[in-house]
Amino acid sequence: MPGVRLRAGEAFGVATGAPVPDGPDSVIPVELCSVEAGVLREAAGGVADRRPGESRQAPNRPPGDHGESHQAPNRPPGKHIRRRGEDWSAGDELVPAGSLVSPAVLGLAAGAGHDTLLVHRRPRVAVVVTGDELLHAGPPRPGRVRDAIGPMLPGLLTGADLFGTTHLRDDPSALADALTFDQADVLVTCGATSVGPADHLRRVLADLDAEVLVSGVACRPGHPMLLAVLPDGRCVAGLPGNPFAALAAVLTLLRPLLDTLGGQAIRAPVTAWLGDAGAHPHDTRLVPVTRAGVPVGHDRPGSLWGAALADALAVVPPGHRGGEVELLPL
Ligand SMILES: Nc1nc2c(c(=O)[nH]1)N[C@H]1C(S)=C(S)[C@@H](COP(=O)(O)OP(=O)(O)OC[C@H]3O[C@@H](n4cnc5c(N)ncnc54)[C@H](O)[C@@H]3O)O[C@H]1N2
Ligand code: MOO
């Protein structure tokens with residue numbers, strides 16, 4: 001309370017959050033005091049300190065005792081007073097650069113007096129699912145499979161804005177057309193990464209003068225995954241058509257790309273102990289496991305069953321027989 005100065009033995013009423021006058025050593029909650037004939041009396045303990053049968057009333061004091069020498073047992077100096085600058089000082093880093101602006105970060109920034117924040121824009125993503133054989137409703141039948149990647153992707157693209165999903169037949173000119181969509185920072189294609197007659201992605205990218213940065217990786221599943229940059233800087237992430245391989249490519253290639261474009265800090269690795277999980281002789285294997293690192297099985301490249309049962313994919317290095325491995329949370 002600017003302009004008010006308390007002397008020893010004096011008290012002043014103050015609402016929660018209001019400035020306190022100069023001079024007091026602490027604040028006593030109003031429910032722990034009483035005022036009789038202009039004299040403030042303080043209960044010996046707080047409500048929480050009362051034992052069964054004890055009165056909450058202030059102890060009897062002789063008239064004239066203003067309580068100035070009385071120190072309540074639970075009232076150290078400074079109690080219930082927030083000092084200016086006690087949470088942080090000018091120039092302190094409140095959250096590290098690269099942090100996600102969560103609701104708490106937004107509130108903290110406002111509380112610290114910021115009107116604007118310098119942020120990365122969320123990357124914008126468009127998805128293109130290819131395949132003559134794909135169905136989008138009903139049960140699979142001979143020669144036709146349900147699109148399992150399109151429904152899986154939106155929930156995996158956290159931190160990005162998704163324009164939507166386009167479904168294409170195996171037609172190179174339709175694919176080339178889809179890759180001209182210039183509102184997206186990243187175009188995600190599903191299928192057509194391999195070398196079969198209907199796998200047009202690499203030829204289409206060559207025709208568009210794209211620079212291929214990643215053309216296959218030593219990882220099972222997911223080994224045909226691809227990353228390319230179009231001449232105008234837009235990225236193309238090619239997910240393999242086998243659904244579990246597509247998931248592997250999202251976790252190991254697409255998500256790190258989106259995190260980087262969105263300015264997010266690199267996630268600290270999570271690890272678990274994993275025994276002999278059937279390591280590949282020369283490639284890294286991704287094995288669906290529980291949080292405790294127990295393989296759940298059902299991990300064929302065309303099936304998402306194991307991933308659906310698992311908490312994470314364990315990153316199993318070639319030749320692994322047992323030891324600590326990285327987990328990619330699902
Ligand atoms: N000659 C070679 N053939 C293949 C190789 C190879 O190295 N040499 N790699 C195999 C691996 S591993 C994978 S993975 C696939 C990747 O194939 P593509 O990305 O070209 O995808 P497609 O041929 O279109 O499809 C493969 C498989 O997945 C089914 N599929 C495709 N899209 C979906 C979808 N959205 N939802 C569910 N299932 C999908 C598709 O019907 C095929 O059965 O290549 C291998 N071949
Ligand atoms: O990427 Mo493929 O599905 O390795 O098996």
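We count ligands from 1, going down the list as the structure has it; atoms in each ligand are counted the same way. Just so we're clear, the structure is a prediction, and the values are computed from it rather than from any experiment.
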| task | Before accepting this row, confirm whether a basic side-chain N of the pair Arg169/Asp171 lies closer than 4.0 Å to the acidic partner's carboxylate O. | result |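 A salt bridge is absent here (no side-chain N lies under 4.0 Å from a carboxylate O).
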Which is closest to [atom] in terms of heavy atoms, [options]?
atom	options	answer
atom 12 (S) of ligand 1	Met225, Met152, His223	His223
atom 35 (N) of ligand 1	Asn242, Asp147, Leu153	Asp147
atom 16 (C) of ligand 1	Asp170, Leu201, Val195, Thr193	Thr193
atom 29 (C) of ligand 1	Pro224, Ala148, Gly241	Gly241

Any protein heavy-atom neighbour for atom 10 (C) of ligand 1 (distance below 4.0 angstrom)?
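So atom 10 (C) of ligand 1 lacks protein heavy-atom neighbours under 4.0 Å.
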Under 4.0 Å from a heavy atom of [X]: give me the atoms of ligand 1 that qualify, with their elements.
X	value
Val129	35 (N)
Pro243	37 (C), 38 (N)
Leu134	32 (N), 33 (C), 34 (C), 35 (N), 39 (C)
Pro240	14 (S), 19 (O)

> Under a single-linkage definition using a 4.5 Å side-chain heavy-atom cutoff for Ile, Leu, Val, Met, Phe, Trp and Tyr, are Leu254 and Met225 assigned to the same hydrophobic cluster?
Replying inline: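 Both belong to a single hydrophobic cluster.
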Discussion item. Would you say Val188 ends up clustered with Leu134 if hydrophobic residues are merged whenever their side chains have heavy atoms under 4.5 Å apart, either directly or through other cluster members?
Written reply: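 Both belong to a single hydrophobic cluster.
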Counting both backbone and side chain atoms, is some N or O of Pro221 under 3.5 Å from an N or O of ligand 2?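 No.
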Exercise for review: Consider every N or O of His223 and every N or O of ligand 2, then say whether any pair is closer than 3.5 Å.
Suggested key: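 Yes - when backbone and side-chain N and O of His223 are compared with those of ligand 2, one distance drops under 3.5 Å.
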Any atom of ligand 1 sitting under 4.0 Å from a heavy atom of [X]?
X	result
Cys190	no
Ala192	yes
Arg146	yes

- prompt: Is the count of non-hydrogen atoms from other residues, nucleotides or ligands lying under 6.0 Å from Arg291 atom CZ greater than 12?
  reply: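 Atom CZ in Arg291 is not packed in, count stays at 12 or less.
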Neighbour count >12 (heavy atoms, 6.0 Å) for atom CZ, Arg203 |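 Result for CZ/Arg203: enclosed.
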Identify, for [atom], the protein heavy atom at the shortest distance, and state residue, atom and that distance.
atom	result
atom 23 (O) of ligand 1	Asp199 OD1, 3.5 Å
atom 2 (Mo) of ligand 2	Gly222 N, 3.8 Å
atom 42 (C) of ligand 1	Glu133 OE2, 4.2 Å
atom 46 (N) of ligand 1	Ser194 OG, 3.5 Å

Query raised in the report: Which of parallel (below 30°), tilted (30 to 60°) and perpendicular (above 60°) describes Phe163 and Phe181?
Result: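 Answer is perpendicular, since the angle exceeds 60°.
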Can you tell me how far [atom2] of [Y] sits from [atom1] of [X], rounded to the nearest 0.5 angstrom?
X	Y	atom1	atom2	result
Thr193	His200	OG1	NE2	12.5 Å
Thr130	Leu201	OG1	CG	8.0 Å
Cys235	Glu211	SG	CD	10.5 Å

Where ligand 2 meets [X] - atom numbers and elements under 4.0 angstrom, heavy-atom basis:
X	answer
Asn242	3 (O)
Pro224	1 (O)
Pro301	3 (O), 5 (O)

Among Asp283, Val287, Val316, which residue satisfies the side chain to side chain contact (heavy atoms under 4.5 Å, CB included) criterion with Arg220?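 Only one of Asp283, Val287, Val316 forms a side chain to side chain contact (heavy atoms under 4.5 Å, CB included) with Arg220, namely Asp283.
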Closer than 3.5 angstrom, by distance alone: can the side chain of Arg321 be matched with the main-chain N or O of Asp276 as a donor-acceptor pair?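 Between the backbone of Asp276 and the side chain of Arg321 there is no qualifying donor-acceptor contact (under 3.5 Å).
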Q) Would a distance-only check, ignoring hydrogens and angles, find a side-chain to backbone donor-acceptor pair under 3.5 Å from Asp92 to Ser89? A)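 Present.
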Determine whether Arg202 and Ser215 satisfy the following criterion, side-chain hydrogen bond (donor to acceptor under 3.5 Å, both in side chains), listing intermediate values before the conclusion.
CA-CA 9 Å; Arg202 286 161 206 272; Ser215 178; 2.7 Å; yes
